[in-house]
Structures are given as structure tokens and as C-alpha cells.
Asks: 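Supplied in C-alpha cells, the structure appears directly below.
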Amino acid sequence: MAQARINAKASEGAAQQQQQQSGGQLRGRFYRSTSMADRSSRLLENLDQLELRVEAFRDAASAMEQEKEILLEMIHNIQNSQDMRHISEGEREELNLTANRLMGRTLTVEVSVETIRNAQQQESLQHATKMIDEIVNKLLDDLEDAKIRLLSLYGACTSDVPAGPIDQKFQSVVIGCAIEDQKKIKRRLETLLRNLENSEKSITLLEHQKASVRQPCNSKQD
């Protein structure tokens, strides 16, 4: 009888110990699970913050790309301005040396932001670039026609109400490009149109100067 009680208590103790061990394992799993969730949440939060910094970094690099383009364009415009043609040869030579030095220093800065594209976006970019290049290659043949065609391309890239017709084909091609490429295409067209406008001003001023020279000559002949 005493042996039976001893065996019963031993069995009861073993059962309690097994329950405690089982409970400890469950609690351990629960604690580990909570710890893993905390770690995952912290890592995700860090990655979210890094993503913001990466995008800001890319935006800053893109801004530097644009600044480089603007600086080169401004230096080029100064070198080809009418004011440069109306100064002495010595002054013009000195200013050109300074402009070339600035252009050289600008070109030493290499900034490149690669755009991630799928196959369709790559094809659309090549098509849009080809359409612009075809017009640029014929600029000297007909300046006025080239300007009209470039304006129609530019109208397809802007959300503003265009002043003239829109090239619908070009618009559908640009829509297929990556967002960053769309912005670059628009900037390129803006640069081309500015250069055309400056060229027209130079031609108009040159023709006016020629007319002014011819008029006194005709008066003398009279």
C-alpha cells in the first residue's frame, strides 16, 4: 500500500514536471517569436529610411546632371553671342580662353544616373531619340520647319495647353518611356528650342546689320 502511494506520487510529480517543461517550451517559443517580429520590424524601418535617402541621393545626382547641362549651354551661348562679335579681337580671344577653361573644368565632373528600364521602355526611348535626331539632322536645311516640328514634339511632352499642334505618334512613344526618360526627353527639346531661338535672333540681328550697312552705301551712290 505504501509502495502504491509512493508510485502514485512519483507519477504525479513526473506529470507536473512534464507540464512545466511543456509550458516553458511554449513560453520560450512565444518569447522568441515576439523577438523575431521586433527585429523584423526594426530592419524594415531601417530599410524604409534608407529608401528615402537613396531616392534623395538619386534626385541630387539628377539635379547635378541638369546643372552640368545648363552650365555648358550657358558657356556655349556666351561664346556664340553677338556681344562677342562686337568687341576687339584681343578681348574676344581672352574671353574665349576663359570660357574654354570653364567648359573644360565643367566637363571634368562626371555625373551619371542610370535609369532602370524594361525591354519595352528601352525600345520606346530609342524610338523617341531617333525621331528627335531626324529633325536635328535637318536643322540646317529648313530652320523654320525644324522649329515647328520640334514644337509639336515638345507639346506632346508637356501637361500645359500647347500653342500649336501635337505630334500624337511621338506622344504615344514617350508615354511608353520610363518617367526619368520622359523628363530627359522634355529637357532636351527645351534646350533645342532655346538654341533655335538664339540662332534666329542672331540671324535677324545679322540681317538688320547688313541692311543698315547697305542703306548708307545706297545713299552715297545717290
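One-based numbering along the sequence shown.
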Asks: Calculate, to the nearest 0.5 Å, the distance between atoms CD and OG belonging to Glu55 and Ser62 respectively.
Replies: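 That separation rounds to 9.5 Å.
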
Asks: Flag the pair Lys147 and Glu197 as a salt bridge only when some basic side-chain nitrogen lies within less than 4.0 angstrom of an acidic carboxylate oxygen.
Replies: no

Asks: Between Ile87 and Arg92, what is the shortest heavy-atom contact and its length?
Replies: O-NH1, 3.1 Å

Asks: I'd like to know whether Glu144 forms a side chain to side chain contact (heavy atoms under 4.5 Å, CB included) with Arg149, so could you lay out the CA-CA distance, the side-chain angles of the two residues, the decisive distance to 0.1 Å, and finally the verdict.
Replies: CA-CA 9 Å; Glu144 187 60 30; Arg149 294 178 63 188; over 6 Å; no

Asks: Among the clusters formed by ILVMFWY side chains lying less than 4.5 Å apart, do Leu107 and Ile78 turn up in the same one?
Replies: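 Not linked; separate clusters.
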
Asks: Is a side-chain N or O of Gln182 found less than 3.5 angstrom from the main chain of Val174, in a donor-acceptor match?
Replies: yes

Asks: Measure the spacing between CG of Asn77 and CG of Leu72 and express it to the nearest 0.5 Å.
Replies: 11.0 Å

Asks: I want to check something: taking the side chain as every heavy atom from C-beta on, are Thr191 and Asn195 in contact at a cut-off of under 4.5 Å?
Replies: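 Yes, close enough: below the 4.5 Å cut-off.
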
Asks: For the NE2 atom of His86 and the OG atom of Ser81, what is their distance to the nearest 0.5 Å?
Replies: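 With rounding to 0.5 Å, NE2 (His86) is 10.0 Å from OG (Ser81).
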
Asks: Is there a continuous path of hydrophobic side-chain contacts, each under 4.5 Å between heavy atoms, that joins Leu102 to Leu71?
Replies: no

Asks: Within this structure, what is the CG-CE distance for the pair Asp133 and Met131, rounded to the nearest 0.5 Å?
Replies: 11.5 Å

Asks: Could you check Glu180 against Arg117 for side chain to side chain contact (heavy atoms under 4.5 Å, CB included), going step by step and ending with a plain yes or no?
Replies: CA-CA 10 Å; Glu180 291 179 355; Arg117 312 178 184 91; over 6 Å; no

Asks: Within the side chain of Thr158, is there an N or O that forms a donor-acceptor pair under 3.5 Å with the backbone of Gly155?
Replies: no

Asks: Are side-chain heavy atoms of Arg187 and Lys184 found at a separation under 4.5 Å?
Replies: yes

Asks: Crowded around Glu190 CD? As in, over 12 foreign heavy atoms under 6.0 Å?
Replies: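 For Glu190, atom CD is crowded (more than 12 foreign heavy atoms under 6.0 Å).
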
Asks: For residues Ala128 and Phe170, report the shortest heavy-atom separation together with the two atoms involved.
Replies: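 The answer is O-CE1, 3.8 Å.
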
Asks: Looking at Ile116, I want to see if its CD1 is surrounded by more than 12 non-hydrogen atoms of other residues, nucleotides or ligands under 6.0 Å.
Replies: no

Asks: Can you confirm whether more than 12 heavy atoms, excluding those of Glu89, are under 6.0 Å from its CD atom?
Replies: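 Open: at most 12 neighbouring heavy atoms sit under 6.0 Å from CD of Glu89.
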
Asks: Transitively linked via ILVMFWY side-chain contacts under 4.5 Å: Ile132 with Ile175?
Replies: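 Different clusters: Ile132 never reaches Ile175 through Ile, Leu, Val, Met, Phe, Trp or Tyr contacts under 4.5 Å.
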
Asks: Do Gln49 side-chain atoms and Asn46 backbone N/O form a donor-acceptor pair below 3.5 Å?
Replies: no

Asks: Passes side chain to side chain contact (heavy atoms under 4.5 Å, CB included), Leu139 versus Leu196? Steps please.
Replies: CA-CA 9 Å; Leu139 272 175; Leu196 271 178; 3.7 Å; yes

Asks: Is there a donor-acceptor contact under 3.5 Å linking the side chains of Glu114 and Ser112?
Replies: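 Present: a donor and an acceptor within the cut-off.
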
Asks: Identify whether Leu193 and Val136 are in the same connected component of the hydrophobic contact network (ILVMFWY, side-chain heavy atoms under 4.5 Å).
Replies: yes

Asks: With the side chain counted from C-beta on, respond yes when Glu45 and Leu50 share a heavy-atom pair under 4.5 Å apart, and no when they do not.
Replies: no

Asks: If you draw a 6.0 Å radius around NZ in Lys183, do more than 12 non-hydrogen atoms from other residues or ligands fall strictly inside?
Replies: no

Asks: Would you say Lys68's side chain and Val109's backbone share a donor-acceptor pair under 3.5 angstrom?
Replies: yes

Asks: Shortest non-hydrogen contact from Val113 to Glu65?
Replies: N-OE2, 3.3 Å

Asks: Taking the side chain as every heavy atom from C-beta outward, state whether Tyr154 and Asp167 have any pair of such atoms under 4.5 Å apart.
Replies: no

Asks: Might you confirm whether atom CD of Gln66 has over 12 heavy atoms from other residues, nucleotides or ligands at distances under 6.0 Å?
Replies: yes

Asks: When you compare the side chains of Glu91 and Ser88, does any donor N or O come within less than 3.5 Å of an acceptor on the partner?
Replies: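 Checked: Glu91/Ser88 side chains pair up, N/O donor to acceptor below 3.5 Å.
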
Asks: Supply the atom-to-atom distance Thr98 OG1 to Gln79 CD, rounded to the nearest 0.5 angstrom.
Replies: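 Going from the OG1 atom of Thr98 to the CD atom of Gln79 covers 10.0 Å.
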
Asks: Any chance the side chains of Ser35 and Arg39 put a donor and an acceptor closer than 3.5 Å?
Replies: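 Yes - a donor-acceptor pair under 3.5 Å links their side chains.
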
Asks: If every non-hydrogen atom of Thr115 is compared with every non-hydrogen atom of Arg58, which pair is closest and at what distance?
Replies: CA-NH2, 4.5 Å

Asks: Looking only at heavy atoms, which two atoms of Cys157 and Leu189 are closest? And how far apart?
Replies: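 Heavy-atom minimum between the residues: SG-CD1, 3.8 Å.
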
Asks: Please step through side chain to side chain contact (heavy atoms under 4.5 Å, CB included) for the pair Arg188 and Thr129, ending with a clear verdict.
Replies: CA-CA 10 Å; Arg188 184 188 178 192; Thr129 302; 4.0 Å; yes

Asks: Could you give the distance from CE (Met74) to CD (Glu69), rounded to the nearest 0.5 Å?
Replies: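 Reported to 0.5 Å precision, the distance equals 14.0 Å.
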
Asks: Do you reckon Met84 sits in the same ILVMFWY cluster as Ile75, going by side-chain contacts under 4.5 Å, direct or chained?
Replies: no

Asks: Please check if atom CD in Gln120 has more than 12 non-hydrogen atoms from other residues, nucleotides or ligands closer than 6.0 Å.
Replies: no

Asks: Which pair of heavy atoms, one from Cys177 and one from Ile185, lies closest together, and at what distance?
Replies: SG-CD1, 4.0 Å

